[in-house]
Amino acid sequence: MKNVRTKILKLLENNSKMDTKDLAVVLGMDESVVINTIQDMEQEQIICGYNTIINWDKTDDERVTALIEVKVAPQRGEGFERVAERIYNYEEVTSLYLMSGGFDMTVFIEGKTMKEVAQFVARKLAPMEGVLSTSTHFVLKKYKENGTKLEQDKKDERLVVTA
Amino acid sequence: MRNPLSDKVIKMKPSGIRKFFDIVSEMPDAISLGVGEPDFDTPWNIREEGIYSLEKGRTFYTSNAGLLELREAICEYNERRFQLMYDPKKEIMLTVGGSEGIDVALRAMLNPGDEVIIPEPCYVSYLPCVQLADGVPVTISLKNENQFRLTKEELEAAITDKTKILVMAFPNNPTGAIMTREDLEAIAEVIIKHDLYVISDEIYAELTYSGNHVSIASLPGMRERTIVIGGFSKAFAMTGWRLGYAMGPAMIMEQMVKIHQFAIMCAPTTSQYAAIVAMRDCDKDVVHMREAYDQRRRYMLNAFKEIGLPCFEPKGAFYLFPDIREFGIPSEEFATRLLKAKKLAVVPGDAFGDCGEGFLRISYAYSLEELKTAVGRLAEFVEDLRAEQK
(Lines give C-alpha, C1' and ligand atoms only; values in the text may rest on other atoms or scores of the structure.)
Protein backbone atom coordinates (compact mmCIF):
# COMPACT_ATOMS: atom_id res chain seq x y z
CA MET A 1 0.00 0.00 0.00
CA LYS A 2 2.74 2.41 0.98
CA ASN A 3 4.57 1.42 -2.17
CA VAL A 4 1.54 2.24 -4.32
CA ARG A 5 1.29 5.65 -2.70
CA THR A 6 4.96 6.40 -3.25
CA LYS A 7 4.76 5.40 -6.89
CA ILE A 8 1.77 7.64 -7.53
CA LEU A 9 3.31 10.53 -5.60
CA LYS A 10 6.56 10.34 -7.54
CA LEU A 11 4.73 10.62 -10.84
CA LEU A 12 2.42 13.41 -9.68
CA GLU A 13 5.35 15.27 -8.18
CA ASN A 14 6.80 15.56 -11.67
CA ASN A 15 3.56 16.04 -13.53
CA SER A 16 0.44 16.85 -11.55
CA LYS A 17 -1.55 16.96 -14.79
CA MET A 18 -1.11 13.23 -15.40
CA ASP A 19 -4.60 11.74 -15.48
CA THR A 20 -5.68 8.69 -13.54
CA LYS A 21 -5.99 6.55 -16.66
CA ASP A 22 -2.36 7.13 -17.64
CA LEU A 23 -1.22 6.69 -14.05
CA ALA A 24 -3.00 3.35 -13.93
CA VAL A 25 -1.49 2.20 -17.24
CA VAL A 26 2.11 3.14 -16.53
CA LEU A 27 1.99 1.70 -13.02
CA GLY A 28 0.14 -1.43 -14.12
CA MET A 29 -2.74 -0.88 -11.68
CA ASP A 30 -6.50 -0.62 -11.83
CA GLU A 31 -7.68 2.92 -12.39
CA SER A 32 -10.08 2.58 -9.46
CA VAL A 33 -7.12 1.86 -7.15
CA VAL A 34 -5.35 4.97 -8.41
CA ILE A 35 -8.43 7.15 -7.97
CA ASN A 36 -9.06 5.86 -4.43
CA THR A 37 -5.44 6.18 -3.41
CA ILE A 38 -5.28 9.78 -4.61
CA GLN A 39 -8.54 10.63 -2.84
CA ASP A 40 -7.23 9.11 0.39
CA MET A 41 -4.00 11.06 0.11
CA GLU A 42 -5.90 14.28 -0.55
CA GLN A 43 -8.06 13.70 2.50
CA GLU A 44 -5.07 12.91 4.66
CA GLN A 45 -3.40 16.03 3.25
CA ILE A 46 -0.45 14.07 1.97
CA ILE A 47 -1.33 15.72 -1.31
CA CYS A 48 -1.91 19.34 -0.29
CA GLY A 49 -2.41 20.95 -3.67
CA TYR A 50 -1.56 20.92 -7.35
CA ASN A 51 0.52 23.95 -8.25
CA THR A 52 1.97 25.06 -11.54
CA ILE A 53 5.59 25.99 -12.02
CA ILE A 54 5.59 29.33 -13.78
CA ASN A 55 8.49 31.33 -15.09
CA TRP A 56 7.02 34.78 -14.46
CA ASP A 57 10.06 36.42 -16.04
CA LYS A 58 8.66 35.41 -19.39
CA THR A 59 5.37 37.17 -18.80
CA ASP A 60 4.53 40.87 -18.70
CA ASP A 61 3.74 40.63 -15.00
CA GLU A 62 6.22 42.28 -12.70
CA ARG A 63 7.15 40.05 -9.79
CA VAL A 64 9.92 39.99 -7.27
CA THR A 65 10.72 37.23 -4.85
CA ALA A 66 12.60 37.66 -1.62
CA LEU A 67 14.00 35.22 0.87
CA ILE A 68 13.94 36.55 4.41
CA GLU A 69 15.87 35.03 7.26
CA VAL A 70 13.95 35.61 10.46
CA LYS A 71 15.07 35.20 14.05
CA VAL A 72 12.20 34.43 16.33
CA ALA A 73 11.76 34.23 20.10
CA PRO A 74 9.82 31.02 20.70
CA GLN A 75 6.88 31.52 23.00
CA ARG A 76 6.09 29.59 26.10
CA GLY A 77 3.73 26.73 25.44
CA GLU A 78 3.53 27.60 21.73
CA GLY A 79 7.11 27.23 20.52
CA PHE A 80 7.32 28.65 17.02
CA GLU A 81 3.84 27.68 15.92
CA ARG A 82 2.06 30.88 16.85
CA VAL A 83 4.58 33.15 15.12
CA ALA A 84 4.64 30.84 12.13
CA GLU A 85 0.89 31.07 11.79
CA ARG A 86 1.00 34.85 12.01
CA ILE A 87 3.54 34.93 9.23
CA TYR A 88 2.09 32.38 6.84
CA ASN A 89 -1.39 33.83 6.97
CA TYR A 90 -0.18 36.80 4.95
CA GLU A 91 -0.99 36.29 1.30
CA GLU A 92 2.39 37.67 0.27
CA VAL A 93 4.14 34.74 1.96
CA THR A 94 4.56 31.92 -0.55
CA SER A 95 6.64 29.56 1.59
CA LEU A 96 7.64 29.35 5.20
CA TYR A 97 10.08 26.94 6.75
CA LEU A 98 11.39 26.41 10.28
CA MET A 99 15.15 26.09 10.05
CA SER A 100 18.07 24.68 11.95
CA GLY A 101 21.20 26.84 12.21
CA GLY A 102 21.87 30.54 12.59
CA PHE A 103 18.31 31.78 12.21
CA ASP A 104 14.91 30.28 12.82
CA MET A 105 12.66 30.76 9.84
CA THR A 106 12.94 31.20 6.11
CA VAL A 107 10.14 33.25 4.62
CA PHE A 108 9.61 33.51 0.88
CA ILE A 109 7.71 36.59 -0.15
CA GLU A 110 6.37 37.61 -3.49
CA GLY A 111 5.48 41.14 -4.36
CA LYS A 112 5.05 43.31 -7.43
CA THR A 113 8.03 45.51 -6.70
CA MET A 114 11.02 45.59 -4.39
CA LYS A 115 9.40 48.50 -2.63
CA GLU A 116 6.30 46.49 -1.92
CA VAL A 117 8.35 43.66 -0.44
CA ALA A 118 10.44 46.08 1.60
CA GLN A 119 7.30 47.67 2.97
CA PHE A 120 5.89 44.31 3.91
CA VAL A 121 9.01 43.49 5.85
CA ALA A 122 9.21 46.87 7.49
CA ARG A 123 5.54 47.21 8.38
CA LYS A 124 4.33 43.69 8.94
CA LEU A 125 7.11 41.22 9.52
CA ALA A 126 9.82 43.06 11.47
CA PRO A 127 7.52 44.64 14.07
CA MET A 128 5.66 41.39 14.70
CA GLU A 129 5.64 40.21 18.29
CA GLY A 130 8.23 37.47 18.72
CA VAL A 131 10.24 38.45 15.64
CA LEU A 132 13.70 39.50 16.78
CA SER A 133 15.35 40.35 13.47
CA THR A 134 15.03 39.97 9.71
CA SER A 135 17.49 39.82 6.88
CA THR A 136 16.06 40.24 3.39
CA HIS A 137 17.60 38.82 0.23
CA PHE A 138 16.07 39.49 -3.18
CA VAL A 139 16.05 36.76 -5.77
CA LEU A 140 17.75 37.93 -8.96
CA LYS A 141 17.05 34.95 -11.17
CA LYS A 142 15.40 31.59 -10.80
CA TYR A 143 17.18 28.71 -12.48
CA LYS A 144 15.37 25.74 -11.07
CA GLU A 145 12.18 25.38 -9.08
CA ASN A 146 10.71 22.25 -7.53
CA GLY A 147 13.05 20.07 -9.55
CA THR A 148 12.23 21.75 -12.85
CA LYS A 149 14.80 23.73 -14.79
CA LEU A 150 13.13 26.96 -15.83
CA GLU A 151 15.14 27.58 -18.95
CA GLN A 152 15.69 24.50 -21.01
CA ASP A 153 16.81 24.85 -24.57
CA LYS A 154 16.68 21.10 -24.71
CA LYS A 155 16.10 19.55 -28.08
CA ASP A 156 16.56 15.94 -29.06
CA GLU A 157 20.01 15.80 -30.60
CA ARG A 158 20.04 12.06 -31.15
CA LEU A 159 20.22 10.76 -34.70
CA VAL A 160 16.61 10.09 -35.70
CA VAL A 161 17.15 6.43 -36.54
CA THR A 162 19.93 4.30 -35.07
CA ALA A 163 20.54 0.60 -34.61
CA MET B 1 44.34 1.54 -61.95
CA ARG B 2 43.91 -1.45 -59.63
CA ASN B 3 40.74 -1.84 -57.64
CA PRO B 4 41.64 -0.34 -54.26
CA LEU B 5 38.96 -2.26 -52.39
CA SER B 6 38.74 -5.55 -50.56
CA ASP B 7 36.33 -8.11 -52.04
CA LYS B 8 35.28 -9.05 -48.54
CA VAL B 9 34.22 -5.50 -47.73
CA ILE B 10 32.45 -4.93 -51.02
CA LYS B 11 30.37 -8.03 -50.36
CA MET B 12 29.22 -6.70 -46.99
CA LYS B 13 25.64 -5.44 -47.16
CA PRO B 14 25.17 -1.92 -45.83
CA SER B 15 22.98 -1.76 -42.73
CA GLY B 16 19.24 -1.62 -43.41
CA ILE B 17 19.05 1.01 -40.72
CA ARG B 18 21.32 3.27 -42.72
CA LYS B 19 18.99 3.13 -45.71
CA PHE B 20 16.02 4.08 -43.61
CA PHE B 21 17.99 6.79 -41.85
CA ASP B 22 18.60 8.47 -45.22
CA ILE B 23 14.88 8.51 -45.98
CA VAL B 24 13.98 9.93 -42.56
CA SER B 25 16.71 12.56 -42.75
CA GLU B 26 14.96 14.14 -45.71
CA MET B 27 11.96 14.79 -43.55
CA PRO B 28 13.13 17.23 -40.88
CA ASP B 29 9.72 17.63 -39.21
CA ALA B 30 9.16 13.90 -38.72
CA ILE B 31 9.00 12.54 -35.19
CA SER B 32 10.77 9.30 -34.48
CA LEU B 33 10.44 6.12 -32.48
CA GLY B 34 13.52 4.83 -34.23
CA VAL B 35 16.29 5.70 -31.83
CA GLY B 36 18.46 2.98 -30.31
CA GLU B 37 19.83 5.01 -27.42
CA PRO B 38 18.51 6.45 -24.14
CA ASP B 39 16.79 9.83 -24.09
CA PHE B 40 18.26 10.59 -20.66
CA ASP B 41 21.36 12.70 -20.29
CA THR B 42 24.29 10.94 -18.66
CA PRO B 43 23.78 11.38 -14.88
CA TRP B 44 25.42 14.62 -13.78
CA ASN B 45 27.85 13.05 -11.31
CA ILE B 46 29.33 10.99 -14.15
CA ARG B 47 29.61 14.01 -16.44
CA GLU B 48 31.08 16.04 -13.60
CA GLU B 49 33.77 13.41 -13.05
CA GLY B 50 34.60 13.53 -16.77
CA ILE B 51 34.98 17.30 -16.57
CA TYR B 52 37.11 17.00 -13.44
CA SER B 53 39.42 14.48 -15.10
CA LEU B 54 39.94 16.94 -17.96
CA GLU B 55 40.62 19.78 -15.52
CA LYS B 56 43.22 17.64 -13.82
CA GLY B 57 44.87 17.11 -17.17
CA ARG B 58 44.25 13.38 -17.32
CA THR B 59 44.55 13.38 -21.05
CA PHE B 60 47.06 10.60 -21.65
CA TYR B 61 46.71 7.01 -22.85
CA THR B 62 45.72 4.47 -20.25
CA SER B 63 47.08 0.93 -20.23
CA ASN B 64 45.77 -1.14 -23.14
CA ALA B 65 43.27 -3.03 -21.03
CA GLY B 66 42.09 0.20 -19.38
CA LEU B 67 42.57 1.90 -15.99
CA LEU B 68 43.05 -0.74 -13.30
CA GLU B 69 40.84 1.21 -10.91
CA LEU B 70 38.01 1.08 -13.41
CA ARG B 71 38.56 -2.61 -14.12
CA GLU B 72 38.35 -3.26 -10.38
CA ALA B 73 35.19 -1.16 -10.13
CA ILE B 74 33.60 -3.07 -13.03
CA CYS B 75 34.45 -6.41 -11.44
CA GLU B 76 32.96 -5.32 -8.10
CA TYR B 77 29.86 -4.08 -9.89
CA ASN B 78 29.36 -7.31 -11.85
CA GLU B 79 29.77 -9.41 -8.75
CA ARG B 80 27.32 -7.24 -6.84
CA ARG B 81 24.73 -7.07 -9.64
CA PHE B 82 25.04 -10.31 -11.60
CA GLN B 83 27.11 -12.74 -9.49
CA LEU B 84 29.89 -12.67 -12.10
CA MET B 85 33.41 -12.95 -10.77
CA TYR B 86 36.43 -11.93 -12.84
CA ASP B 87 40.03 -11.06 -12.09
CA PRO B 88 40.45 -7.33 -12.81
CA LYS B 89 44.09 -7.87 -13.79
CA LYS B 90 43.65 -10.63 -16.36
CA GLU B 91 40.05 -11.18 -17.27
CA ILE B 92 38.65 -7.83 -18.33
CA MET B 93 39.42 -5.14 -20.89
CA LEU B 94 37.85 -1.78 -21.68
CA THR B 95 36.70 -1.34 -25.26
CA VAL B 96 35.35 1.43 -27.47
CA GLY B 97 31.70 0.64 -26.82
CA GLY B 98 30.35 -2.89 -26.63
CA SER B 99 30.70 -3.07 -30.41
CA GLU B 100 34.46 -3.18 -30.32
CA GLY B 101 34.36 -5.99 -27.79
CA ILE B 102 32.23 -8.10 -30.13
CA ASP B 103 34.52 -7.44 -33.08
CA VAL B 104 37.70 -8.15 -31.13
CA ALA B 105 36.30 -11.31 -29.52
CA LEU B 106 35.35 -12.71 -32.93
CA ARG B 107 38.71 -11.84 -34.43
CA ALA B 108 40.54 -13.40 -31.50
CA MET B 109 38.57 -16.65 -31.64
CA LEU B 110 37.79 -17.44 -35.28
CA ASN B 111 39.78 -19.37 -37.85
CA PRO B 112 38.74 -19.21 -41.51
CA GLY B 113 35.64 -21.32 -42.10
CA ASP B 114 34.57 -21.55 -38.45
CA GLU B 115 30.83 -21.22 -38.17
CA VAL B 116 29.20 -18.71 -35.86
CA ILE B 117 25.57 -19.10 -34.92
CA ILE B 118 23.63 -15.85 -34.79
CA PRO B 119 20.01 -15.89 -33.64
CA GLU B 120 18.06 -13.19 -35.48
CA PRO B 121 16.48 -10.64 -35.25
CA CYS B 122 19.54 -9.08 -33.65
CA TYR B 123 21.79 -6.07 -33.56
CA VAL B 124 23.20 -5.31 -36.98
CA SER B 125 26.93 -5.74 -36.37
CA TYR B 126 27.30 -9.44 -35.52
CA LEU B 127 27.00 -10.83 -39.02
CA PRO B 128 29.40 -8.43 -40.79
CA CYS B 129 31.91 -8.73 -37.93
CA VAL B 130 31.89 -12.52 -38.32
CA GLN B 131 32.48 -12.14 -42.05
CA LEU B 132 35.33 -9.68 -41.51
CA ALA B 133 36.93 -12.22 -39.17
CA ASP B 134 36.67 -14.88 -41.91
CA GLY B 135 34.00 -16.79 -40.04
CA VAL B 136 30.82 -18.15 -41.57
CA PRO B 137 27.61 -16.75 -40.10
CA VAL B 138 24.78 -19.22 -39.61
CA THR B 139 21.56 -17.52 -38.63
CA ILE B 140 18.64 -18.86 -36.64
CA SER B 141 15.21 -17.29 -37.15
CA LEU B 142 13.76 -16.73 -33.70
CA LYS B 143 10.01 -16.91 -33.42
CA ASN B 144 7.31 -14.58 -32.22
CA GLU B 145 5.46 -17.51 -30.59
CA ASN B 146 8.54 -18.17 -28.43
CA GLN B 147 8.68 -14.48 -27.48
CA PHE B 148 11.86 -14.38 -29.60
CA ARG B 149 13.80 -16.50 -27.12
CA LEU B 150 16.38 -18.98 -28.36
CA THR B 151 15.36 -22.59 -27.78
CA LYS B 152 17.53 -25.64 -27.32
CA GLU B 153 15.98 -27.29 -30.40
CA GLU B 154 16.67 -24.30 -32.65
CA LEU B 155 20.25 -24.22 -31.47
CA GLU B 156 20.77 -27.97 -31.93
CA ALA B 157 19.43 -27.78 -35.47
CA ALA B 158 21.94 -25.08 -36.45
CA ILE B 159 25.04 -26.83 -35.11
CA THR B 160 27.47 -28.54 -37.51
CA ASP B 161 30.94 -29.92 -36.91
CA LYS B 162 32.29 -26.50 -37.97
CA THR B 163 30.34 -24.54 -35.36
CA LYS B 164 32.52 -22.74 -32.85
CA ILE B 165 30.67 -19.76 -31.38
CA LEU B 166 27.15 -18.67 -30.51
CA VAL B 167 26.66 -14.89 -30.49
CA MET B 168 23.71 -14.13 -28.29
CA ALA B 169 22.19 -10.87 -27.06
CA PHE B 170 19.58 -10.82 -24.30
CA PRO B 171 17.90 -8.54 -23.33
CA ASN B 172 17.56 -8.16 -27.06
CA ASN B 173 17.68 -5.29 -29.49
CA PRO B 174 15.34 -5.16 -31.52
CA THR B 175 12.76 -7.45 -29.88
CA GLY B 176 13.06 -6.65 -26.16
CA ALA B 177 13.14 -10.39 -25.46
CA ILE B 178 14.93 -11.75 -22.40
CA MET B 179 16.10 -15.24 -21.46
CA THR B 180 15.31 -16.53 -17.96
CA ARG B 181 17.68 -18.72 -15.99
CA GLU B 182 15.77 -21.83 -17.14
CA ASP B 183 15.93 -20.72 -20.78
CA LEU B 184 19.68 -20.21 -20.46
CA GLU B 185 20.26 -23.52 -18.67
CA ALA B 186 18.82 -25.36 -21.66
CA ILE B 187 21.16 -23.46 -23.99
CA ALA B 188 24.18 -23.98 -21.74
CA GLU B 189 23.63 -27.73 -21.82
CA VAL B 190 23.85 -27.73 -25.64
CA ILE B 191 26.88 -25.42 -25.64
CA ILE B 192 28.78 -27.69 -23.26
CA LYS B 193 27.71 -30.86 -25.06
CA HIS B 194 29.05 -29.59 -28.40
CA ASP B 195 32.10 -27.88 -26.91
CA LEU B 196 31.14 -24.39 -28.17
CA TYR B 197 31.83 -20.86 -26.98
CA VAL B 198 29.42 -17.99 -26.37
CA ILE B 199 29.85 -14.30 -26.99
CA SER B 200 27.09 -12.90 -24.82
CA ASP B 201 26.21 -9.29 -25.57
CA GLU B 202 24.69 -8.11 -22.30
CA ILE B 203 24.70 -4.40 -22.97
CA TYR B 204 21.04 -4.14 -21.86
CA ALA B 205 21.58 -6.22 -18.69
CA GLU B 206 20.36 -3.44 -16.36
CA LEU B 207 17.17 -2.94 -18.34
CA THR B 208 14.96 -5.87 -17.40
CA TYR B 209 11.44 -5.50 -16.02
CA SER B 210 10.63 -8.86 -14.46
CA GLY B 211 13.44 -9.56 -12.05
CA ASN B 212 17.17 -9.35 -12.34
CA HIS B 213 19.09 -10.23 -15.52
CA VAL B 214 20.84 -13.60 -15.51
CA SER B 215 24.14 -13.89 -17.37
CA ILE B 216 24.83 -17.19 -19.10
CA ALA B 217 28.40 -16.90 -17.79
CA SER B 218 27.04 -17.32 -14.25
CA LEU B 219 25.77 -20.85 -15.00
CA PRO B 220 27.90 -23.88 -14.03
CA GLY B 221 30.53 -24.74 -16.62
CA MET B 222 29.86 -21.62 -18.72
CA ARG B 223 32.33 -19.11 -17.33
CA GLU B 224 35.25 -20.69 -19.18
CA ARG B 225 33.24 -20.75 -22.44
CA THR B 226 31.82 -17.24 -22.43
CA ILE B 227 32.92 -13.75 -23.32
CA VAL B 228 30.55 -11.30 -21.64
CA ILE B 229 30.17 -7.97 -23.41
CA GLY B 230 29.03 -5.15 -21.15
CA GLY B 231 29.03 -1.42 -21.31
CA PHE B 232 27.84 1.95 -20.16
CA SER B 233 25.82 3.15 -23.11
CA LYS B 234 22.36 1.89 -22.23
CA ALA B 235 22.12 1.58 -18.44
CA PHE B 236 24.08 4.78 -17.75
CA ALA B 237 22.96 6.71 -20.83
CA MET B 238 26.56 7.08 -22.00
CA THR B 239 26.35 6.21 -25.71
CA GLY B 240 28.53 9.07 -26.89
CA TRP B 241 31.30 8.28 -24.41
CA ARG B 242 32.10 5.16 -26.44
CA LEU B 243 32.97 2.86 -23.58
CA GLY B 244 32.27 -0.82 -23.08
CA TYR B 245 34.07 -3.85 -21.75
CA ALA B 246 34.64 -7.53 -22.34
CA MET B 247 35.12 -10.14 -19.61
CA GLY B 248 36.23 -13.71 -20.11
CA PRO B 249 38.87 -16.37 -19.53
CA ALA B 250 42.40 -14.92 -19.31
CA MET B 251 43.60 -17.04 -22.21
CA ILE B 252 41.12 -15.41 -24.61
CA MET B 253 41.32 -11.95 -23.10
CA GLU B 254 45.08 -11.90 -23.54
CA GLN B 255 44.67 -12.28 -27.31
CA MET B 256 41.81 -9.80 -27.44
CA VAL B 257 43.93 -7.17 -25.68
CA LYS B 258 46.61 -7.80 -28.32
CA ILE B 259 44.25 -6.90 -31.17
CA HIS B 260 42.86 -3.94 -29.23
CA GLN B 261 46.40 -2.75 -28.52
CA PHE B 262 47.29 -2.63 -32.21
CA ALA B 263 43.97 -1.37 -33.54
CA ILE B 264 42.79 1.04 -30.85
CA MET B 265 45.49 1.45 -28.19
CA CYS B 266 43.08 2.19 -25.38
CA ALA B 267 39.50 3.30 -24.74
CA PRO B 268 38.97 7.07 -24.26
CA THR B 269 40.64 8.20 -21.03
CA THR B 270 38.04 10.79 -20.02
CA SER B 271 35.29 8.21 -20.43
CA GLN B 272 37.20 5.74 -18.30
CA TYR B 273 37.54 8.15 -15.38
CA ALA B 274 33.88 9.08 -15.61
CA ALA B 275 32.88 5.42 -15.74
CA ILE B 276 34.43 4.73 -12.33
CA VAL B 277 31.67 6.92 -10.86
CA ALA B 278 29.06 5.09 -12.94
CA MET B 279 30.14 1.77 -11.45
CA ARG B 280 30.33 2.98 -7.86
CA ASP B 281 27.81 5.75 -7.30
CA CYS B 282 24.98 5.49 -9.79
CA ASP B 283 22.73 2.66 -8.65
CA LYS B 284 19.93 5.08 -7.87
CA ASP B 285 20.19 6.74 -11.28
CA VAL B 286 19.91 3.34 -12.95
CA VAL B 287 16.87 2.48 -10.85
CA HIS B 288 15.26 5.80 -11.74
CA MET B 289 15.80 5.31 -15.48
CA ARG B 290 14.71 1.67 -15.37
CA GLU B 291 11.45 2.67 -13.63
CA ALA B 292 10.81 5.31 -16.28
CA TYR B 293 11.40 2.82 -19.11
CA ASP B 294 9.14 0.30 -17.44
CA GLN B 295 6.34 2.88 -17.19
CA ARG B 296 6.72 3.76 -20.85
CA ARG B 297 6.79 0.08 -21.75
CA ARG B 298 3.46 -0.45 -20.02
CA TYR B 299 2.07 2.66 -21.66
CA MET B 300 3.06 1.47 -25.13
CA LEU B 301 1.83 -2.09 -24.62
CA ASN B 302 -1.53 -0.73 -23.54
CA ALA B 303 -1.62 1.63 -26.50
CA PHE B 304 -0.93 -1.24 -28.92
CA LYS B 305 -3.70 -3.22 -27.29
CA GLU B 306 -6.08 -0.31 -27.87
CA ILE B 307 -4.97 0.01 -31.50
CA GLY B 308 -5.27 -3.75 -31.89
CA LEU B 309 -1.66 -4.24 -32.92
CA PRO B 310 -0.47 -7.64 -31.68
CA CYS B 311 2.77 -7.50 -29.70
CA PHE B 312 4.31 -10.00 -27.28
CA GLU B 313 5.25 -8.50 -23.93
CA PRO B 314 8.96 -7.64 -24.06
CA LYS B 315 10.66 -7.79 -20.65
CA GLY B 316 13.91 -6.05 -21.47
CA ALA B 317 15.80 -3.28 -23.31
CA PHE B 318 13.62 -0.38 -24.53
CA TYR B 319 11.97 -1.79 -27.61
CA LEU B 320 8.68 -3.28 -28.68
CA PHE B 321 8.42 -5.53 -31.70
CA PRO B 322 4.80 -5.45 -32.89
CA ASP B 323 3.50 -7.89 -35.48
CA ILE B 324 2.14 -6.18 -38.62
CA ARG B 325 1.68 -9.28 -40.76
CA GLU B 326 -2.10 -8.79 -40.83
CA PHE B 327 -1.64 -5.87 -43.24
CA GLY B 328 0.11 -8.06 -45.79
CA ILE B 329 2.68 -5.46 -46.76
CA PRO B 330 6.44 -5.62 -46.18
CA SER B 331 7.80 -3.92 -43.06
CA GLU B 332 9.78 -1.45 -45.10
CA GLU B 333 6.73 -0.40 -47.10
CA PHE B 334 4.72 -0.06 -43.89
CA ALA B 335 7.43 2.10 -42.32
CA THR B 336 7.87 4.22 -45.42
CA ARG B 337 4.15 4.84 -45.80
CA LEU B 338 3.82 5.63 -42.09
CA LEU B 339 6.62 8.11 -42.43
CA LYS B 340 5.13 9.80 -45.48
CA ALA B 341 1.52 9.82 -44.30
CA LYS B 342 2.00 10.66 -40.62
CA LYS B 343 5.61 11.81 -40.36
CA LEU B 344 6.44 9.11 -37.85
CA ALA B 345 9.64 7.11 -38.17
CA VAL B 346 9.92 3.52 -36.93
CA VAL B 347 12.43 0.90 -38.01
CA PRO B 348 11.33 -1.98 -40.25
CA GLY B 349 11.93 -5.30 -38.48
CA ASP B 350 13.86 -6.82 -41.37
CA ALA B 351 16.69 -4.34 -40.74
CA PHE B 352 17.65 -6.81 -37.99
CA GLY B 353 17.55 -9.96 -40.10
CA ASP B 354 15.19 -11.45 -42.67
CA CYS B 355 13.02 -13.06 -40.01
CA GLY B 356 12.19 -9.57 -38.70
CA GLU B 357 10.04 -9.14 -41.82
CA GLY B 358 6.45 -8.53 -40.78
CA PHE B 359 7.48 -6.67 -37.62
CA LEU B 360 8.51 -3.17 -36.59
CA ARG B 361 11.02 -2.08 -34.01
CA ILE B 362 9.55 0.64 -31.86
CA SER B 363 11.78 2.34 -29.33
CA TYR B 364 10.32 3.79 -26.16
CA ALA B 365 13.38 5.80 -25.23
CA TYR B 366 11.24 8.92 -25.34
CA SER B 367 9.23 10.94 -22.83
CA LEU B 368 5.63 9.89 -22.20
CA GLU B 369 4.42 13.07 -23.92
CA GLU B 370 6.40 12.24 -27.05
CA LEU B 371 5.20 8.66 -26.98
CA LYS B 372 1.62 9.86 -26.70
CA THR B 373 1.91 12.01 -29.82
CA ALA B 374 3.62 9.24 -31.74
CA VAL B 375 1.10 6.60 -30.72
CA GLY B 376 -1.70 8.90 -31.85
CA ARG B 377 -0.17 9.08 -35.31
CA LEU B 378 0.40 5.33 -35.45
CA ALA B 379 -3.23 4.70 -34.47
CA GLU B 380 -4.48 7.02 -37.23
CA PHE B 381 -2.28 5.31 -39.78
CA VAL B 382 -3.41 1.83 -38.79
CA GLU B 383 -7.03 2.91 -38.92
CA ASP B 384 -6.59 4.41 -42.39
CA LEU B 385 -4.81 1.29 -43.58
CA ARG B 386 -7.55 -0.97 -42.28
CA ALA B 387 -10.25 1.17 -43.92
CA GLU B 388 -8.33 1.10 -47.18
CA GLN B 389 -7.92 -2.67 -47.08
CA LYS B 390 -11.57 -3.42 -46.33
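Every chain is numbered from 1, with letters handed out A, B, ... down the list of sequences.
- Looking only at side-chain heavy atoms (C-beta outward), B:Tyr123 and B:Ser99 come within less than 4.5 Å of each other.
- Per-residue heavy-atom pair counts under 4.5 Å with chain A were compared for B:Arg297, B:Arg18, B:Glu37, B:Lys372, and the maximum is reached by B:Glu37.
- Residues of residues 346-353 of chain B having a heavy atom under 4.5 Å from any heavy atom of chain A, listed by number: B:Val347, B:Phe352.
- At a 4.5 Å heavy-atom cutoff, the contact between B:Pro38 and chain A is made by backbone atoms alone.
- Nearest approach of B:Asn173 to A:Ala163, heavy atoms of both residues: ND2-O, 2.6 Å.
- Taking the centre of each ring, B:Phe381 and B:Phe334 come in below the 6.0 Å mark.
- Chain B is approached within less than 4.5 Å, heavy atom to heavy atom, by A:Lys10, A:Leu11, A:Asn15, A:Met18, A:Lys21, A:Asp22, A:Val25, A:Val26, A:Leu27, A:Gly28 from residues 8-34 of chain A, ordered by number.
- For a residue to count as touching a neighbouring chain, one of its non-hydrogen atoms must lie under 4.5 Å from one of that chain's; by this rule B:Leu368 touches chain A with the side chain only.
- Scanning both residues, B:Asn172 and B:Cys122, for their nearest heavy atoms gives ND2-CA, 4.3 Å.
- The parts of B:Tyr299 that come within reach of chain A are both its backbone and its side chain, each placing non-hydrogen atoms under 4.5 angstrom from that chain.
- Although no hydrogens or angles enter the test, the distance criterion places a donor-acceptor pair under 3.5 Å between the side chain of B:Thr42 and the main chain of B:Ala237.
- Heavy atoms closer than 4.5 Å to chain A are found in the side chain of B:Val124, but not in its backbone.
- The closest side-chain donor-acceptor pair between B:Asp201 and B:Tyr126 falls under 3.5 angstrom.
- For the residue pair B:Ser367 and B:Glu370, a side-chain donor N or O sits within less than 3.5 Å of a side-chain acceptor on the partner.
- In summary, A:Lys144 and A:Glu151 do not engage in a salt bridge, as defined by a charged side-chain N under 4.0 Å from a carboxylate O.
- The stretch residues 125-139 of chain A places none of its residues near chain B, where near means some heavy atom under 4.5 Å from a heavy atom of that chain.
- The shortest non-hydrogen separation linking A:Leu159 to B:Val35 is O-CG2, 3.2 Å.
- Most heavy-atom pairs under 4.5 Å with chain A, from the set B:Asp294, B:Thr239, B:Leu301, B:Asp41: that is B:Asp41.
- Counting all heavy atoms, side chain and backbone alike, A:Asp104 lies closest to A:Val72 at OD2-N, 2.7 Å.
- Salt-bridge formation is detected for the pair B:Glu332/B:Lys19: a Lys NZ or Arg NE/NH1/NH2 atom is positioned less than 4.0 Å from an Asp or Glu carboxylate oxygen.
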Stepwise ring-ring contact (aromatic ring centres under 6.0 Å, His included) test for B:Phe40 and B:Tyr293: CA-CA 10 Å; B:Phe40 296 101; B:Tyr293 289 130; 5.4 Å; yes
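- To the nearest 0.5 Å, atom CD of residue B:Glu357 and atom OG of residue B:Ser331 are 4.0 Å apart.
- Atoms CD1 and OG1, from B:Ile23 and B:Thr336 in turn, are 5.0 Å apart once rounded to the nearest 0.5 Å.
- Under 3.5 Å, the side chains of A:Thr6 and A:Asn3 contain no donor-acceptor pair of N or O atoms.
- When A:Glu116, A:Glu110, A:Glu92 are each tested for a salt bridge (Lys or Arg N to Asp or Glu O under 4.0 Å) with A:Arg63, only one passes: A:Glu110.
- Aromatic pair B:Tyr319/B:Tyr364: centroids not less than 6.0 angstrom apart.
- For residues 302-313 of chain B, the interface with chain A (any heavy-atom pair closer than 4.5 Å) comprises B:Asn302, B:Glu306, sorted by residue number.
- Salt bridge status for B:Arg296 with B:Asp39: present, with a side-chain N to carboxylate O gap under 4.0 Å.
- Counting heavy atoms from C-beta outward, A:Thr94 and A:Ile109 have side chains that stay 4.5 Å or more apart.
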